[in-house]
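Report on one structure; see the data block that follows.
Sequence lines set the chain letters: A, B, ... in the order given, protein chains first and strands last, and positions in each chain run from 1.
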Amino acid sequence: MPRPDKKIFYQDVYSVVKEIPRGKVISYGEIACLIGWSNYSRMVGAAVSKAPATLQLPCHRVVNSSGRTAPDWEEQRILLEEEGVLFKANDCVDMKIFAWEWR
DNA sequence: AGTTTGACTGGAG
DNA sequence: CCTCCAGCCAAAC
């Protein structure tokens, strides 16, 4: 397995994030699989966290595999709740209901 | 060029 | 359910 090209990798990540519908979420690892780099969830996190604001991407719809929001970004939860995403008592999004099924 | 650093993940306790 | 941790891998030091 060759090493991914940073530029292309980042673009692929952004192209997926752009498609996440309102009221739905997806995990870093899921995105990694979708773009063909299943072991690169950390890289997906890096790409999303550095996404240029000018791209207007719905980065708040990306959460970790357990449905937890990003550390030190309390606004993420607000943004999700504003579009109807509900959180469980343990501060996790109920993935059974809000996980995006790209199909 | 070696070490540290994460918006991660799955599993163990 | 929670915390801790090894495994993860390129970017940033």
Restricting both atoms to N or O, compile the protein contacts to nucleotides 10-13 of chain B shorter than 3.5 Å, with distance only.
unit_1	atom_1	unit_2	atom_2	d
B:dG10	OP2	A:Ser65	OG	3.3

When rounded to whole Å, the CG to P distance for the pair A:Asp72 and B:dA7 reads 8 Å
Tell me, yes or no, whether the heavy-atom count around A:Lys18 atom NZ, taken from other residues, nucleotides or ligands under 6.0 Å, exceeds 12. no
Evaluate whether atom CG of A:Asp5 has more than 12 neighbouring non-hydrogen atoms of other residues, nucleotides or ligands under 6.0 angstrom away. yes
For A:Glu75 and A:His60, what are the C-alpha separation, side-chain angles and deciding distance, and is it a side-chain hydrogen bond (donor to acceptor under 3.5 Å, both in side chains)? CA-CA 8 Å; A:Glu75 184 188 359; A:His60 62 284; over 6 Å; no
Output yes when at least one side-chain N/O atom of A:Asn90 is less than 4.0 Å from OP1 or OP2 of C:dC1, else no. yes
Between A:Glu101 and A:Lys24, does at least one N-O distance fall below 4.0 Å, as a salt bridge requires? no
What integer distance in Å separates A:Leu79:CG from B:dA7:P? 18 Å
Using whole Å, report how far CG of A:Asp91 lies from P of C:dT3. 11 Å
Can you give me the N/O atom pairs linking the protein to nucleotides 8-11 of chain C at distances under 3.5 Å, or say none if there are none?
unit_1	atom_1	unit_2	atom_2	d
C:dC8	O2	A:Arg42	NH1	3.1
C:dA10	OP1	A:Tyr40	OH	3.1

Closest to the A:Lys88 side chain: C:dC1, B:dT9, B:dA7? C:dC1
Rounded to the Å, how far apart are A:Met95 CE and C:dC1 C1'? 17 Å
Interatomic distance where CG belongs to A:Leu34 and P belongs to B:dC8 [whole Å]: 17 Å
Rounded distance [0.5 Å steps], CD1 in A:Ile31 versus OG in A:Ser38: 14.0 Å
Report the distance from atom CZ of A:Arg68 to atom C1' of B:dG6, rounded to the nearest whole Å. 17 Å
